[in-house]
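See structure below.
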There are 2 protein chains.
Amino acid sequence: MIELDKINSKILHELESNGRISNTDLALRVGLSASACLRRVQELERTGIISGYRAKLDRSKLGGNITVFVMVGLSEHLKKDARAFEEAMITAPQVRECHNITGSVEYLLRVEVSNLSSYKEFHAEVLGTQSQVSSITSYISLGSPKDMRA
Amino acid sequence: MIELDKINSKILHELESNGRISNTDLALRVGLSASACLRRVQELERTGIISGYRAKLDRSKLGGNITVFVMVGLSEHLKKDARAFEEAMITAPQVRECHNITGSVEYLLRVEVSNLSSYKEFHAEVLGTQSQVSSITSYISLGSPKDMRA
DNA sequence: ACTGAAACACCCGTTAA
DNA sequence: TTAACGGGTGTTTCAGT
């Protein structure tokens, strides 16, 4: 847990809304010289507060319109089994989120596919090939009254 | 809905995992010249398929932000009860996402709070005051091996 | 402040309708 | 022949020291 001053908060706020802003522009906006600003950004990256950058895509323009939440239980609770499962989820493009959770099952996935047969394929080819998976429960999203994803 | 060729898919895939890759490196990875690659990226931005770029922040390092997924079942399945519940979720600032799902329960929530006592308060004051709520199951997030939220 | 590298605008060559 | 697309070049701007 790290303490942030006002300038670092501003830096994070700017980078959150525009991850491709140039260091020069960012420095202007937060009121620092370019070099001082760069040092802060690199420090934030080094400490992992900024854990990466990514493009935000509009998936409704790409045909990925069905969202399914999947609860996954593992039969083995060894670290290597968990790692293997996580690796498979990271690799699978249909998996948008993979959360390790407390409770009766180990993982909650958010899966996005273009239609139900694609989901069936994901179910069989991705989840079905993981030997350590002991339970799968799928919840198809019927809509999202609220969605404030960052 | 827009048709993507193989190269554009590759570009999107790269930018999704590394939104700050240089155009030069991106061009190398997708097998184009820098200028051709830049044209494609700008076209993707112009058409809105790429709707922005953002830094991914690790909120756990910024003051103990806790994410809880909550499955909520309703006792009444009337439209007005569902509406009332959804209204309450929209109003509650702790609720980041509220999804209506198929299956044994009606809703899946993503709740973000600063600590467990805040969650307890949410549980009691927000969920506990909704008379139509018949079941609440909380899953605390222990971490997210993958999180590609848009 | 300085240097190498990247972004960007511009022009040319090729191909296919 | 012209529209679409990839490649190359020069100038401006940036990142990093």
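Every chain is numbered from 1, with letters handed out A, B, ... down the list of sequences. Only heavy atoms go into these numbers, but all of them, side chains included; no hydrogens, no water, no symmetry mates.
Under the 6.0 Å cut-off for aromatic ring centres, A:H99 and A:Y107 do not qualify, their centroids lying 6.0 Å or more apart.
Per the geometry, CD belonging to B:E43 stands 14 Å off P belonging to C:dA9, to the nearest Å. Nucleotide D:dA15 holds its P atom 9 Å from the CG atom of A:L26, rounded to whole Å. Protein atom CD1 of B:I21 is 16 Å distant from nucleotide atom C1' of D:dA15, rounded to whole Å. Distance CG (B:L32) to P (C:dC8): 16 Å, rounded to an integer number of Å. At whole-Å resolution of the value, NZ in B:K10 and P in D:dG6 are 14 Å apart. If you take CG of B:L28 and C1' of C:dA6, they are 13 Å apart, rounded to a whole angstrom. Per the geometry, CD1 belonging to B:I7 stands 10 Å off C1' belonging to D:dC5, to the nearest Å. Rounded to whole angstrom, the span from the CG atom of B:N23 across to the P atom of D:dG7 amounts to 12 Å.
Of the N and O atoms on the side chains of A:N8 and A:R40, at least one donor lies less than 3.5 Å from an acceptor on the other residue.
Salt bridge status for B:E14 with B:R29: present, with a side-chain N to carboxylate O gap under 4.0 Å. The residues A:D25 and A:R20 are annotated as not salt-bridged, no charged nitrogen and carboxylate oxygen being separated by less than 4.0 angstrom.
Nucleic acid contact for A:L38: base, since at least one base atom lies under 4.0 Å from a heavy atom of the residue. Looking at heavy-atom distances under 4.0 Å, B:S33 makes contact with a base. Residue contacts shown for A:S22 are limited to sugar-phosphate atoms, with no base heavy atom under 4.0 Å away.
Proximity of B:R40 to the phosphate of D:dG6: a side-chain N or O atom is located under 4.0 Å from OP1 or OP2. The side chain of B:S35 contributes no N or O atom lying less than 4.0 Å from OP1 or OP2 of D:dG6.
Relative ring orientation between B:F122 and B:Y119 is described as tilted, the plane-to-plane angle lying within the 30° to 60° band.
Heavy-atom nearest nucleotides on DNA chain C were determined for B:T24 and for B:R39, and the one closer to the 5' end corresponds to B:T24.
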